[in-house]
Amino acid sequence: MSTGTVVLDSHIPEGPIEEKWDQHRFDVKLVNPANKRRFEVIVVGTGLAGAAAAASLGELGYRVKSFCFQDSPRRAHSIAAQGGINAAKNYKNDGDSVFRLFYDTVKGGDYRSREANVYRLAQLSLNIIDQCVAQGVPFAREYGGLLDTRSFGGAQVSRTFYARGQTGQQLLLGAYQALARQIHLGTVEMHPRTEMLDVVVKDGRAAGIVVRDLTTGEITSHSAHAVVLATGGYGNVFFLSTNAKGCNVTAAWRAHRRGALFANPCFTQIHPTCIPASDEFQSKLTLMSESLRNDGRIWVPQEFGDGRSPDQIPEGERDYFLERRYPAFGNLVPRDVASRAAKREVDAERGVGPLKNGVYLDFSGAIARLGADVIEERYGNLFQMYERITGEDPFAVPMRIYPAVHYTMGGLWVDYNLMTNVPGLYCLGEANFSDHGANRLGASALMQGLADGYFVLPATISDYLAPLLGEPVVPTDDPAFQEVERDVDDRVRGLLGVNGSRTVDWFHRELGKIMWDNCGMARSRESLEKALSEIPPLREEFHRDVRVLGENETLNQSLEKAGRVADFLEFGELLCYDALQREESCGGHFRVEHQTEDGEALRDDDNFSHVSAWEFQGVGQTETLHKEPLEFEYVHPSQRSYK
Ligand SMILES: Cc1cc2nc3c(=O)[nH]c(=O)nc-3n(C[C@H](O)[C@H](O)[C@H](O)COP(=O)(O)OP(=O)(O)OC[C@H]3O[C@@H](n4cnc5c(N)ncnc54)[C@H](O)[C@@H]3O)c2cc1C
């Protein structure tokens with residue numbers, strides 16, 4: 001579909017869904033092995049998506065430059081992932097298949113994702129496990145030596161591979177080893193502690209990036225034949241989230257400002273099992289992995305405001321509300337469904353804990369049935385983490401949990417090749433609008449990031465590069481680079497020069513409050529209009545009154561944060577505007593005006609079965625909407641039911 005200058009073509013291959021990816025790999029143009037070293041590729045981000053991509057491109061022979069803002073690629077936020085990674089291996093012989101994983105993911109995403117992409121993801125899930133095992137990732141194993149699996153929400157099979165509660169860490173170590181090997185071989189040049197602050201586009205193509213050295217403040221340009229962004233999600237626009245504090249939208253937002261479309265920004269995921277906030281000054285929320293819902297049962301006291309300790313409340317006076325409302329899936333309903341159900345109980349004043357802002361996640365039954373040692377083996381580090389944060393021992397008393405912002409399904413729009421609408425600019429992992437539709441199923445982000453990085457991009461990038469053989473990269477003294485460098489420099493100095501009275505965190509917290517109160521777990525026209533009237537004045541105040549301490553020439557985290565919050569203040573407006581335009585409820589996007597009689601999300605397939613891809617028109621200006629229609633040939637949209 002095309003409007004104005006933007007052409008939105010998803011490039012989904014023709015043919016039966018099972019054959020699309022193989023056929024496509026046969027059809028794409030190739031770069032022969034000896035010519036690969038003649039191409040330079042920039043990869044920004046060293047999480048699972050970026051590290052996998054940089055390592056794989058390096059292994060193929062391309063010359064790669066890899067960037068991250070942490071001091072080591074190993075500290076990318078992927079390291080925090082706890083519960084596991086999905087794959088349709090069917091090791092449990094419980095009826096799983098590529099088609100079932102595809103089906104569950106399309107349904108779980110509330111029919112707002114592309115079928116062809118999701119099918120490919122399910123196919124590649126098999127390769128990912130093999131790849132990671134070959135790297136030595138220590139997945140949990142059963143007594144006989146086979147890889148073990150557990151269940152995650154939105155599925156009735158057991159397909160989640162895991163390494164205790166540290167799956168992300170182990171997978172990232174695997175990807176990092178592969179990356180380190182390429183660094184050693186000289187195919188990948190690593191730039192840690194370097195923040196990308198803009199993309200350079202010349203003659204309509206991505207030509208490179210402009211970065212700031214976070215230890216010296218130096219601003220430099222880097223050119224390449226293609227630029228890959230694997231820069232993670234934007235959940236921190238809500239201030240409080242389960243994401244690492246450094247996660248931000250800057251790379252994607254800057255690319256958006258240079259012409260890349262931003263798709264479905266309002267599709268954010270609220271995770272049901274996080275530790276409830278303990279006061280309003282808290283700056284971070286902690287996830288308790290979804291895997292805990294395998295053995296933990298979620299409940300609240302039946303009686304309003306019941307002040308008894310949980311062990312004093314008899315079985316008959318507890319409401320296991322997920323098991324009651326959704327008997328087929330019980331505690332393993334998808335995240336959006338579980339989150340809304342918990343909110344309903346807390347809103348109805350049945351919340352537990354000192355602030356009455358949680359529900360119980362109780363392991364007493366599982367401990368009695370399996371023994372504390374089995375529970376310890378499965379979730380030991382998660383229990384320890386919970387006890388350190390709350391001072392309560394989950395072996396003795398139930399955990400208290402409440403939903404929190406966790407993942408962002410929206411991101412830069414990409415086609416089947418993972419290329420944005422800006423030729424030569426690719427986007428992978430959580431940063432793209434991805435394969436998860438309006439709601440991601442647990443354990444599917446790691447799968448998608450690794451599929452993108454290890455398998456999809458390495459196969460598709462040659463299609464773009466092959467015709468460029470022999471073309472030099474744009475030199476960094478080209479006026480296109482010089483102009484962007486000046487922009488970046490002005491922005492950085494501008495932030496330092498305001499010298500106002502309020503901290504960066506104050507503005508971030510205010511923005512987060514607007515976002516959560518008006519565009520959080522539930523949204524309405526009224527609340528969204530309120531948010532849209534409050535964000536622009538806050539943004540103006542930020543540029544008038546922010547105080548950034550320190551200087552440019554040394555490590556200055558206040559300055560780093562200021563740039564990121566400035567971008568959140570622009571992006572937050574688009575997120576709310578997207579939520580306002582989408583007059584339906586689907587997955588993580590719950591518009592209170594659109595719900596069924598029993599409070600479930602009510603989609604409007606006639607009018608909203610599309611990807612909303614937004615084109616930047618200037619700060620504070622209404623963006624232009626481009627729609628990519630979604631067609632469902634294999635999984636027919638129906639009212640999602642987990643009953
Ligand atoms: C607590 C927690 C637990 C989770 N558990 C699971 C789980 O069990 N299973 C699952 O499937 N998913 C899980 N997820 C989700 C999953 O971890 C993430 O979606 C995924 O790891 C994102 O990977 P990524 O490579 O896209 O980005 P990230 O890992 O976030 O990496 C982003 C990279 O980009 C770099 N970067 C960003 N901006 C810039 C810039 N401007 N300049 C330079 N570098 C930049 C960063 O330095 C970093 O290297 C969890 C998420 C959280 C928060």
Side-chain angles (χ1 to χ4, degrees), residues 42-54 66-87 125 128 150 152 160-172 175-176 179 190-199 209-212 214 228-236 241-244 246-255 269 271 273-274 284-291 335 382 385 404-409 411 427-432 434 436 440-450 452-453 560 563-564 567:
I42 284 172
V43 180
V44 187
T46 57
L48 286 174
S66 166
F67 296 82
C68 69
F69 62 71
Q70 286 93 351
D71 56 351
S72 156
R74 265 181 313 155
R75 287 188 196 268
H77 163 67
S78 289
I79 204 157
Q82 300 172 350
I85 176 167
N86 286 333
S125 71
I128 293 169
R150 55 190 175 198
F152 260 54
T160 304
F161 294 79
Y162 64 101
R164 285 182 109 195
Q166 302 163 338
T167 315
Q169 182 180 2
Q170 298 307 327
L171 291 172
L172 190 61
Y176 171 71
L179 178 66
M190 188 64 229
H191 297 259
R193 277 252 189 264
T194 309
E195 184 162 26
M196 177 208 127
L197 291 180
D198 224 327
V199 178
I209 60 173
V210 171
V211 302
R212 179 170 172 272
L214 297 180
V228 180
L229 302 183
T231 46
Y234 51 80
N236 281 348
S241 87
T242 63
N243 291 5
C247 293
N248 66 86
V249 77
T250 288
W253 185 249
R254 291 286 142 189
Q269 176 164 87
H271 195 299
T273 56
C274 305
K284 172 88 183 71
L285 292 173
T286 304
L287 176 79
M288 286 288 106
S289 167
E290 177 161 316
S291 59
R335 291 173 178 181
L382 300 173
M385 194 159 77
V405 173
H406 177 63
Y407 181 88
T408 49
M409 282 77 67
C427 189
L428 320 184
E430 191 172 340
N432 71 24
S434 86
H436 310 295
R440 173 174 74 82
L441 290 184
S444 287
L446 303 183
M447 173 173 71
Q448 181 229 331
L450 290 180
D452 287 2
E560 289 170 31
R564 295 170 192 163
D567 289 334

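Bear in mind that the values here come from a model prediction, so they are computed numbers and not experimental data. Whatever order the structure lists ligands and atoms in, that order sets their numbers, starting from 1.
- Tyr407 does not carry Arg335 over the face of its six-membered ring by the limits of under 6.0 Å from the centre and within 45° of the normal.
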> Where do Asn236 and Arg564 land on the side-chain contact (heavy atoms from CB on, under 4.5 Å) test, with the steps shown first?
Replying inline: CA-CA 10 Å; Asn236 281 348; Arg564 295 170 192 163; over 6 Å; no
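- Closest approach of Ala52 and Ala175 over heavy atoms only: N-CB, 4.3 Å.
- The shortest heavy-atom contact between Ser289 and Gly83 is OG-CA, 3.2 Å.
- Using a 3.5 Å distance cut-off with no hydrogens or angles, the side chains of Thr408 and Glu430 do pair a donor with an acceptor.
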Polar pairs, ligand 1 vs protein, N/O only, below 3.5 Å.
unit_1   : atom_1 : unit_2 : atom_2 : d
ligand 1 : 5 (N)  : Gln82  : N      : 3.1
ligand 1 : 8 (O)  : Gln82  : N      : 3.4
ligand 1 : 8 (O)  : Gly83  : N      : 2.7
ligand 1 : 8 (O)  : Gly84  : N      : 3.0
ligand 1 : 9 (N)  : Gly84  : O      : 2.8
ligand 1 : 11 (O) : Ser444 : N      : 3.4
ligand 1 : 11 (O) : Ala445 : N      : 3.0
ligand 1 : 11 (O) : Leu446 : N      : 2.8
ligand 1 : 19 (O) : Glu430 : OE1    : 2.6
ligand 1 : 21 (O) : Ser78  : OG     : 2.8
ligand 1 : 23 (O) : Ser78  : OG     : 3.0
ligand 1 : 25 (O) : Leu48  : N      : 3.2
ligand 1 : 25 (O) : Ala49  : N      : 3.0
ligand 1 : 26 (O) : Glu430 : N      : 2.9
ligand 1 : 29 (O) : Ser78  : N      : 2.8
ligand 1 : 29 (O) : Ser78  : OG     : 2.5
ligand 1 : 34 (O) : Ala230 : O      : 3.4
ligand 1 : 41 (N) : Met196 : O      : 3.0
ligand 1 : 42 (N) : Met196 : N      : 2.8
ligand 1 : 47 (O) : Phe69  : N      : 3.2
ligand 1 : 47 (O) : Gln70  : OE1    : 2.4
ligand 1 : 49 (O) : Thr46  : N      : 2.8
ligand 1 : 49 (O) : Thr46  : OG1    : 3.1

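- A distance of 14.5 Å separates SG of Cys68 from NE2 of His77, quoted to the nearest 0.5 Å.
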